[in-house]
Amino acid sequence: MTGQITPAPDHATALPRTGRIGMLLQRSEAARGYSLLTPTLLIMTIGILVPFGILVTMSFWTQAGFGFDTALTTANYEKAAERPIYGALLTRSLKMSAMATIATVLLSYPMAYFVAFHVHRNKMMWIVLITLPFWTSYLLRVFAWKVVLGYEGVINSFLMTLGLIEAPLEFLLYSQSAVVITLAHAWAAFAILPMYVSLEKIDRSLLEAATDLGDGPMARFLRITLPLSMPGVISASLLIFIPTTGDYITPALLGGPDGAMIGNLIQKQFGAINDWPMGAALSIILMLSIGAIALGFMAATNFVRKRIS
Amino acid sequence: MDVVDQLGSVKEGKLSRRTFTKSLLAAGVGVVASPMVPRQAAAAAEDQGTFFTWGGYDIPELFVPYREQHGEDPNFAIFGGAEEALTKMRGGFVVDVSHPCNSGLPRWVKSGLFQRVDTSRLSNWPNVMPELVELNGNDPQDGKVWLAPFDWGQTSITYRTDLFEVEGEESWDMLWDKRYSGRLGSLASGGDAWWCGAIKAGVPMNEIHTDEAFTKIAAVMREQRPLIRTYTDDTTTLEQALSSGEMVAAMTWNSSATLLKSEGVPVKFANVKEGALTWVCGLMIHKDAPNLDLAYDIIDSLLSVESGKFMINDYGYGHSNLKSFDDFDDETLQSLGLSKTPADILAAGHFQVPQSQEWETKMNGLFEEIKSGF
């Protein structure tokens with residue numbers, strides 16, 4: 001290989017150098033790995049590590065008028081612990097997004113199950129059809145829910161035409177339930193796909209074996225299908241829980257005064273309130289809480305899985 | 001030939017792999033080349049100036065003279081509140097012209113992000129009402145000002161005359177009326193709501209920075225919060241809610257009432273007894289404005305009589321060009337809550353007093369807590 005790129009003889013000195021690098025790359029598998037990873041590592045560093053470093057540093061600063069007071073202090077974190085609004089909004093966000101996650105997984109599982117086990121032809125088309133609503137913009141879907149849940153919206157007009165209610169139901173829009181419903185719909189594709197993949201992978205002969213050994217459909221599902229599809233369920237839950245906790249556009253449009261989440265407050269810190277260090281501190285706190293919950297969740301499911309198998 | 005057809009032909013051996021690869025290559029070239037076409041089309045838009053403004057001002061009616069000169073409208077970027085806009089520009093967003101209001105003027109100037117407007121370059125400047133130019137912090141020097149005044153108006157209550165029963169005189173108490181709990185709306189931005197709270201609480205505008213004022217205003221805002229259906233910066237949301245009857249009264253600017261009236265919705269813009277909140281907004285040029293000449297054309301277009309007539313007639317806002325008022329009789333102006341001598345209106349209400357950046361941060365932080373229920 002190196003022989004082909006050997007430079008002309010009068011540049012003989014260059015030969016050993018290329019050779020040495022080439023030899024090093026050939027000999028050390030780690031070096032080869034790293035050189036292949038370089039573009040990814042570069043993007044990770046520029047796109048994630050550096051901004052994260054800035055965020056962490058900024059969270060220890062304080063806002064002073066238009067500028068920052070760069071003396072390091074934990075004032076922001078103390079403020080977050082002292083004032084009740086931050087903790088309460090964080091808990092509310094975690095609760096709402098946990099509800100949205102559970103709702104999404106419960107609603108999506110049957111769909112994934114159906115496509116994996118009962119669709120035999122044109123599976124790809126089914127998958128595409130399931131994801132079709134997600135080809136529209138996220139914002140559009142949120143607005144669509146505003147139309148559905150609104151005061152003169154689809155549900156209210158329907159119930160009023162039937163004569164079931166006299167006046168429109170006001171709790172549908174501008175409430176926590178409106179946010180949970182919208183999140184559950186908007187993120188469904190992210191739940192269906194991983195669960196479909198893990199359901200699809202299940203070896204059908206295991207199910208046959210279970211039937212042969214006398215398990216009914218329910219027992220078979222609980223003892224074979226569900227445990228084997230757990231990886232999909234877990235990744236779906238994490239995929240939905242993590243981004244929805246920090247969501248701000250859905251609560252901003254549908255939440256009303258009682259449906260605001262921590263993401264709205266963080267956005268306000270970087271906007272109208274103009275306290276970037278506090279916003280940074282809140283982002284870090286949010287990230288740590290989500291991280292802790294995700295780790296706890298994974299540890300718990302691991303534990304359960306070991307107990308089952 | 002359709003790609004699927006081609007795949008079939010490959011399978012059947014009718015189409016050689018080479019021909020298929022060739023058509024793939026053609027498709028690839030097409031995909032790579034296609035972004036160039038819209039890029040050329042978009043180049044025209046890039047040649048226009050950018051106007052960073054409140055929602056509702058991004059309409060062709062305000063840019064008739066500009067369009068005559070340049071063939072199309074300027075580009076628009078929209079904000080929901082002036083604080084949000086300033087933060088965005090401090091974060092590096094460069095525009096040609098932006099649209100702050102009098103209460104933010106000194107802070108916007110202090111941010112160092114703007115350049116003075118050379119009024120000799122504006123053909124409509126001689127008709128601009130001088131009392132609007134003399135704002136706190138505008139500091140005119142040698143025909144150069146920081147802010148070219150454009151529109152002025154009031155923040156008050158728009159209410160449904162058929163659904164809201166007014167007890168006695170119209171007053172700010174209407175937005176604190178427990179009979180209509182859950183059917184009242186408010187602007188979300190502290191730049192409006194907090195000041196209206198100050199009027200309700202009886203705090204004079206020039207004392208709004210005191211700790212006592214903070215306690216008083218916070219108390220009335222907390223009292224109001226459970227009655228509010230939603231806080232929003234989007235005036236359309238409030239207008240739709242008022243028109244459907246979801247809300248019976250909401251804190252709005254002049255335009256909401258005027259727009260709803262023109263739609264035939266029975267609403268009135270309250271002439272509150274405590275006085276409305278009054279403001280003047282205007283245009284500032286970014287210090288690094290990439291299209292300085294176009295920036296002046298944008299401002300000139302907004303200050304023109306055509307734009308002024310539209311602002312008065314369709315939005316119900318005051319305009320800074322005196323000649324815009326010529327076509328309107330006093331009765332019409334009075335019904336819109338306007339006058340040819342803006343000083344009358346501005347002095348009759350409560351005119352916002354500019355505050356420090358620390359005050360804005362503290363106020364917005366506190367107001368966010370209150371809106372979230374704390």
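Below, chain A is the first sequence line, B the second, and so on; all start at residue 1. The structure displayed is predicted, hence computed values, not measured ones.
Around CE of M125(A), the count of heavy atoms belonging to other residues, nucleotides or ligands within 6.0 Å exceeds 12. Remark: W126(A) CH2 is loosely packed, at most 12 non-hydrogen atoms of other residues, nucleotides or ligands lying under 6.0 Å away. Heavy atoms from other residues, nucleotides or ligands lying under 6.0 Å from NZ of K95(A) number 12 at most. The environment of F158(A) atom CZ is sparse: at most 12 non-hydrogen atoms of other residues, nucleotides or ligands sit within 6.0 angstrom.
Between chain A and the residues G81(B), G373(B), S111(B), the largest count of heavy-atom pairs under 4.5 Å involves S111(B). With chain A as partner, the option from K371(B), E368(B), M363(B) having the largest number of non-hydrogen pairs under 4.5 angstrom is E368(B). Top candidate by heavy-atom pairs under 4.5 Å with chain A, chosen from Q357(B), E358(B), E360(B), K110(B), is Q357(B). The residue among P257(A), A88(A), G259(A) with the most heavy atom pairs within less than 4.5 Å of chain B is P257(A). Ranking K362(B), K88(B), E84(B), R107(B) against chain A, the residue ahead of the rest is R107(B), based on heavy-atom pairs under 4.5 Å. Per-residue heavy-atom pair counts under 4.5 Å with chain A were compared for G365(B), G182(B), G91(B), S244(B), and the maximum is reached by S244(B).
When every heavy atom of Y151(A) is checked against every heavy atom of G245(B), the shortest pair comes out as OH-O, 3.6 Å.
Heavy-atom proximity under 4.5 angstrom to chain A picks out R225(B), I228(B), R229(B), T230(B), Y231(B) from residues 222-231 of chain B. The interface of residues 185-200 of chain B with chain A, defined by heavy-atom distances below 4.5 Å, is empty. Annotation: residues 268-281 of chain A contacts chain B through K268(A), F270(A), G271(A), A272(A), I273(A), N274(A), D275(A), W276(A) [non-hydrogen atoms, separation under 4.5 Å].
Using a 4.5 Å cut-off between heavy atoms, S356(B) does not touch chain A at all. Both the backbone and the side chain of L173(A) have a heavy atom closer than 4.5 Å to some heavy atom of chain B. Residue contact with chain B, scored on non-hydrogen atoms closer than 4.5 Å, is absent for A167(A). With a threshold of 4.5 angstrom between heavy atoms, D258(A) approaches chain B through its backbone and through its side chain.
For E152(A), there are no salt bridge (charged side-chain N to carboxylate O under 4.0 Å, His left out) partners at least two apart in sequence or on another chain.
One distance of note links CG of L265(A) with OG of S372(B); it measures 6.5 Å at 0.5 Å rounding.
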